[in-house]
Amino acid sequence: MTVCSNLLPLPIPSTQDAARCPPRGSAALGILALCSLLSLGGCGSSATPNGSGAGGMGAGTGGMAATGGTGSGAATGTGGTGDGGLTLKEVYQPYFPIGAAIAPSHLTTVKDILVTHFNRITAENDMKFGIVSTGEGTYDWSAADELADFARENDMAMTGHALVWHRQTPSWLFSGLTAENADDIETLKGRMKAHIDTIVPRYDDVVDNWDVVNEAISDDPAVDFRDGSESDYFRIFGSEDYVYWAFKYAYDALEAIEPGNAEGKLYYNDYNVTLKVDRIIALCDWVKEQGVPVHGIGLQQHVRIDWPSTAEIGAAIDKITAAGYAVKISELDVTVYNDYPAGELEPAPEVEFTPALEAEHAQRYANLFALYREHADDITSVTFWGVSDAHTWLDDEPVAGRTNYPLLWDANHEPKDALDAVLNF
Ligand code: GLA
């Protein structure tokens, strides 16, 4: 119990995701209770700790973006600058590129902030398998293309998120497949490969790295992998072998475009990396031992103000770099709530974002960026999971409808103290 007592609330599945979640077994629920992982809203509730949320994000859904938004980019302005009038991407030019995870609605609500302060983007949801797929072999690329075109027009790079993840998968992907059946494993491999062979070349000109596998490691510290009770990939394969195949297909797809094209682009991505780092490194090492490269590890960094400590995050980064992997900060936001005060989900009451809380929140960002700057030689990018508090998955997870304040701009797209803390050091 104690071991998990300060787990961060993890991301949650979106409404779409919830609909696709497999029923949770009692064993999984037991682990959850034990570890006090996230309660995932719609997904059978507790389940997957996952957080992953993902997609969660329900946030992603339009409703959120609507709160507090002031409309067009022009109305929002460019959102403040640091000493000497420098923007985020300019201040961090000597350190690392600065990204934001966005939905197409951001191209209206915070377009000027994006263009002014960021030099890369990630699709918050719109490149996920379950979002782009309309059936086996058929796709709707409209939202993903809109984001990619925005990146191209504004000279931004993208992170491709994500090729293989147990959440937000299309319903047909596992349909008709029996667990641990050799023919069905081949069928699933074929479906994974076909998807990877389709999406990777489509965005190769703008995506400079892929989250090849997202969140394969268990939240239970005593277990290595998220097993068949949470991941249909694991359930059908009967093992973590799907991770190897994902990296192999991604590597092959990139190299087929041009030899050498895969270099530096293949990442494993996860949350609570301070708790999972040894198992993540072991998994990536195992893939490499099979002859397929893994270049880096993404730390999502959905963090609380009080956890994990910068010392813990720094120690995880040191382990990753010592093992020979690049690091990216892939999904940064700082919740103002602690919903797990004693290890079990105990939703915190809604708070006002008082000047005192804003100062604490800004100090946390200052400390995180001081740490990232110290490790700049090993960090390939830092990406926020959103832009302004008008649109954040944390307004719905793990407590639906509770306002959160996790980002650098407020719900009216005005600069917060956190922006100042990151810009001026
Ligand atoms: C996870 C996923 C993201 C996003 C976030 C927030 O960490 O990787 O795609 O959904 O959760 O919910």
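What you see below is based on every heavy atom in this structure, not just the backbone, and it leaves out hydrogens, waters and symmetry mates. Indexing begins at 1, ligand by ligand and atom by atom, following the structure's order.
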State whether the shortest distance between N or O atoms of Gln168 and N or O atoms of ligand 1 falls below 3.5 angstrom.
no
Side-chain ion pair, Arg402 and Asp339, N-O less than 4.0 Å:
yes
Before you tell me yes or no, could you show the steps for Thr310 and Asn367 under side chain to side chain donor-acceptor pair (under 3.5 Å), namely the whole-Å CA-CA distance, both residues' side-chain angles and the distance that decides it to 0.1 Å?
CA-CA 7 Å; Thr310 46; Asn367 296 343; 5.8 Å; no
ring-ring contact (aromatic ring centres under 6.0 Å, His included) assessment of His106 paired with Trp409
CA-CA 13 Å; His106 286 93; Trp409 283 269; over 10 Å; no
Between Phe174 and Phe129, is the ring centroid distance below 6.0 Å?
no
Of all the heavy atoms in Arg167, does at least one lie under 4.0 Å from an atom in ligand 1?
no
For Trp393, state whether at least one heavy atom is located under 4.0 Å from any atom of ligand 1.
yes
Short N or O distance, Tyr271 and ligand 1, threshold 3.5 Å exclusive:
no
Looking only at side chains, do Asp417 and Tyr365 share a donor and an acceptor under 3.5 Å apart?
no
Below 3.5 Å, N or O to N or O, backbone or side chain included: is there any such pair between Lys128 and ligand 1?
yes
Atoms of ligand 1 less than 4.0 Å from Asn214 heavy atoms?
2 (C), 8 (O)
Are the aromatic ring centres of Tyr139 and His195 under 6.0 angstrom apart?
yes
Under 6.0 Å between ring centres: does that hold for Tyr251 and Phe247?
no
Under 3.5 Å: N/O of Asn269 near N/O of ligand 1:
no
Ligand-side contact atoms (ligand 1) for residue partner Gln300, heavy atom cut-off under 4.0 Å
1 (C), 7 (O), 8 (O)
Does Glu397 come within less than 4.0 Å of ligand 1, judged by its heavy atoms?
no
dist Arg191:CZ -> Ile236:CD1 (nearest 0.5 Å) comes out at 9.5 Å
Ligand-side contact atoms (ligand 1) for residue partner Trp165, heavy atom cut-off under 4.0 Å
2 (C)
Please indicate whether any nitrogen or oxygen in Asn125 is less than 3.5 Å from any nitrogen or oxygen in ligand 1.
no
Could you see which bit of Trp385 sits under 4.0 Å from ligand 1, with heavy atoms only: side chain, backbone, both or neither?
side chain
